[in-house]
Amino acid sequence: MASKPQDRSDGHYTIAKADKDIIGLGVVVAMIVLIIATGSSALADAVTALISHGQPRNQMLSAALLLNVALLMFGFRRYRDLTAEVRQRRQAEEMSRSIAQTDPLTGCLNRLTVDEALQAMITSARRTGHEVVAIVIDLDHFKRSNDVHGHLTGDAVLLEASRRIRSALPDGSIMARLGGDEFACAAIYDPDHVTAIDRLVLHINQLVARPIVIDHLSIEVTASVGLASTATEHTAEPAKLATALLHHADLAMYQAKKSGRNGYRWFDAGLERELRYRNELERGIREGIPAGEFVPYYEKQIDLDSGELTGFEMLARWKNPRRGLLSPDIFIPVAEEIGLISDLSESLIRQALSDAREWDPRLTLSVNISPIQLRDPWFAQRLLKLLQEANFPPHRLDIEITESCLHENIGMVRTLITSLRNQGIRISLDDFGTGYSSFAQLRTLPFDRIKIDRYFVSNLDSNKDSATIIGAISSLGKGLGLPITAEGIETSAVLDELRKYGSFKGQGYLYGQPSDAQSVHTMLANQNMLRGLSIDPSASTYPFQQAAAA
Ligand code: C2E
Ligand code: CA
Ligand code: CA
């Protein structure tokens with residue numbers, strides 16, 4: 001309701017003023033006609049009176065003439081005032097239209113107007129057999145610089161970046177600010193010289209990357225750029241084409257950002273396939289979790305001295321109905337990005353606890369936990385709830401967290417580890433050696449075990465550097481009193497070499513590939529290692545020593 005008067009004023013006021021404009025003009029014209037009509041009679045009367053030396057016969061006529069002259073003057077002034085008012089009003093409207101169409105900070109077009117400009121450019125390019133490229137540019141880490149130096153400096157950086165981009169663009173290009181630190185440009189190009197566009201974008205990347213000096217501060221930003229050309233679009237209609245072009249350039253920009261920033265990427269058939277695959281993955285994960293398509297596989301963990309089986313590491317697998325068995329490297333990062341890692345992990349842990357309850361109670365279960373799950377303040381409670389529901393003793397559970405967790409909020413990680421350990425759960429530091437965790441962190445965080453990454457283990461027998469690193473890690477473990485698991489043992493040669501460095505636990509393809517719950521169950525049953533069945537030491541030890549020696 002409150003917006004009604006404003007609604008009326010914008011459109012209708014102009015029309016009303018224009019009407020008055022015409023009325024004012026009408027009054028003046030009518031006065032002129034009347035003056036001519038009354039004026040000729042009054043003038044004739046006055047002339048007659050002058051010749052006959054008498055009074056004008058019709059004094060009323062003279063008064064009417066004077067009145068008409070006064071009205072004419074009044075009407076003329078009114079007409080002039082109104083015209084000036086209308087002119088001012090038009091100028092103000094012009095200005096507000098320009099504000100609505102452009103970005104006030106940079107003077108570029110804005111998100112609302114870029115589409116229309118692009119459509120016009122596409123139509124005009126078609127006439128000459130040219131193509132149009134849309135270029136979406138997003139500044140990298142701009143938010144961080146904005147937070148550090150404040151918004152005024154941030155605005156100055158945006159302004160300077162926009163000037164540099166504009167200076168690189170050919171004449172007749174479009175430039176718009178889509179919002180925040182995102183710009184969109186478009187240019188007409190000759191399809192036979194598409195490399196000119198690559199050079200243009202490289203130049204833009206270089207220009208933006210030069211330090212921007214504001215108030216003695218030298219600020220460095222880079223840009224990620226995405227490109228889409230009318231040459232590779234499927235749509236023909238300019239309106240749809242303009243929208244598709246901007247959307248695709250935006251997707252390409254996002255990919256450029258993902259692959260390291262300060263670079264550019266074209267939207268092409270390859271990227272389209274990549275994105276389609278990615279969408280399919282995302283949808284598949286969303287639907288696959290409740291459908292039970294994600295299942296735990298188990299990898300044996302062995303005491304290398306005795307050859308005894310000590311437990312299993314649970315490794316996620318996706319039984320994808322269309323693509324077969326998929327590895328976690330494919331779906332875990334996507335599940336993390338789309339916020340489903342906790343749901344996925346909980347569903348797997350629930351299944352694993354139920355499987356492991358059937359095993360000999362001396363066998364442990366290790367599960368991998370993503371850094372993202374550790375950010376959840378309720379993580380410990382959720383895990384304990386799962387243990388409770390499965391009636392599974394906490395001391396049989398070992399959670400593996402990677403070094404990358406330690407770069408996050410270390411205080412929070414410490415609290416979490418401590419509270420989990422207080423419940424009896426054990427914590428291993430996974431992939432040790434790949435994530436640059438410091439000695440100090442190792443000492444202050446109460447880990448139960450470190451796992452040497454398979455990268456250093458699998459070539460231990462042939463690579464000197466790996467041998468040096470394994471030597472250093474084993475001394476570190478001894479010094480800190482931390483037991484060590486070596487992963488990625490593929491050959492008995494590596495196993496023999498490893499044994500020289502001390503007593504480890506180990507796992508790897510030498511002991512077999514990870515297998516599903518049913519195979520593990522059968523294997524354990526064959527060795528009398530299911531719950532309630534007594535363990536025959538020779539049965540449990542012998543097969544692994546044999547495998548190791550093979
Ligand atoms: P990881 O924790 O380092 O797991 C060991 C990986 O090495 C597994 O790959 C395993 O199949 C593989 N592997 C085992 N022995 C050997 C060997 O002798 N040689 C070689 N070359 N590889 C061996 P997988 O199953 O593909 O898992 C990859 C990674 O995915 C895991 O690395 C782990 O970080 C992650 N992951 C697996 N399951 C889960 C899960 O449930 N949650 C989370 N957050 N991450 C998981
Ligand atoms: Ca692991
Ligand atoms: Ca690992």
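Every number for a ligand or one of its atoms is a count from 1 in the order of the listing. Just the heavy atoms: all of them, side chains too, but no hydrogens, waters or symmetry mates, feed the values below. Along the sequence shown, the residues carry numbers beginning at 1.
- Heavy-atom proximity to atom 38 (N) of ligand 1, evaluated over A335, P296, A316, is greatest for A316.
- Ligand 1 has no atom lying under 4.0 Å from any heavy atom of S458.
- Residue-ligand proximity, I489 to ligand 1, at heavy-atom distances under 4.0 Å covers atoms 18 (O).
- Look at S345 and you'll find every heavy atom at least 4.0 Å from all atoms of ligand 1.
- Atom OH of Y264 and atom CD1 of I197 lie 10.5 Å apart (nearest 0.5 Å).
- Interface of D431 with ligand 1, defined as ligand atoms under 4.0 Å from a residue heavy atom, comprises 3 (O).
- With a 4.0 Å cut-off on non-hydrogen atoms, E487 touches ligand 1 through its side chain and not its backbone.
- Applying the 4.0 Å criterion to heavy atoms of S370 picks out, from ligand 1, the atoms 44 (N).
- For ligand 1, the atoms lying closer than 4.0 Å to a non-hydrogen atom of G508 are 15 (N), 18 (O).
- The nearest N/O/S atom of D430 to the Ca ion (ligand 2) is OD2.
- A donor-acceptor contact closer than 3.5 angstrom links the side chains of S519 and D516.
- The structure places CD1 of I452 at 8.5 Å from OG1 of T485, a figure rounded to the nearest 0.5 Å.
- Here the rule is side chain to side chain contact (heavy atoms under 4.5 Å, CB included) with T310, and of R362, K505, Q507 only K505 fits it.
- Near D430, the atoms of ligand 1 lying under 4.0 angstrom from a non-hydrogen atom of the residue are 2 (O).
- Atoms CD and CG, from Q423 and L383 in turn, are 9.5 Å apart once rounded to the nearest 0.5 Å.
- Remark: R278 does not engage E274 in a salt bridge, criterion side-chain N to carboxylate O under 4.0 Å.
- Of all the listed residues (E490, Q513, M314), E490 holds the heavy atom that lies closest to atom 19 (N) of ligand 1.
- Atoms OE2 of E313 and OD1 of N368, as seen from the Ca ion (ligand 2), are separated by an angle of 90°, to the nearest 10°.
- Note: F294 and F331 have perpendicular aromatic rings, judged against thresholds of 30 and 60 degrees for the angle between ring planes.
- The Ca ion (ligand 2) sits nearest to atom OE1 when only the N, O or S atoms of E400 are considered.
- Distances below 4.0 Å separate heavy atoms of E313 from the following atoms of ligand 1: 2 (O), 4 (O).
- To the nearest 0.5 angstrom, W359 atom CH2 is 5.0 Å from Y298 atom OH.
- Annotation: N368 places an N or O atom under 3.5 Å from an N or O atom of ligand 1; distance criterion only.
- The side chain to side chain donor-acceptor pair (under 3.5 Å) with E336 is formed by just one residue from the set S345, S370, S342; it is S370.
- Under the 4.0 angstrom criterion for non-hydrogen atoms, R454 is in contact with ligand 1.
- E220 meets the salt bridge (charged side-chain N to carboxylate O under 4.0 Å, His left out) test with no other residue; sequence neighbours excluded.
- Once rounded to the nearest 0.5 Å, the distance linking CG of N463 with OH of Y455 reads 7.5 Å.
- Remark: of the listed residues V457, I489, I302, I489 is the sole one forming a side chain to side chain contact (heavy atoms under 4.5 Å, CB included) with L495.
- Listed by atom number, the atoms of ligand 1 under 4.0 Å from P514 heavy atoms are 11 (O).
- Heavy-atom contacts of L315 reach the following atoms of ligand 1: 4 (O), 8 (C), 10 (C), 11 (O), 25 (O), 37 (C), 38 (N) (cutoff under 4.0 Å).
- Using a non-hydrogen distance threshold of 4.0 Å, R317 registers as a contact of ligand 1.
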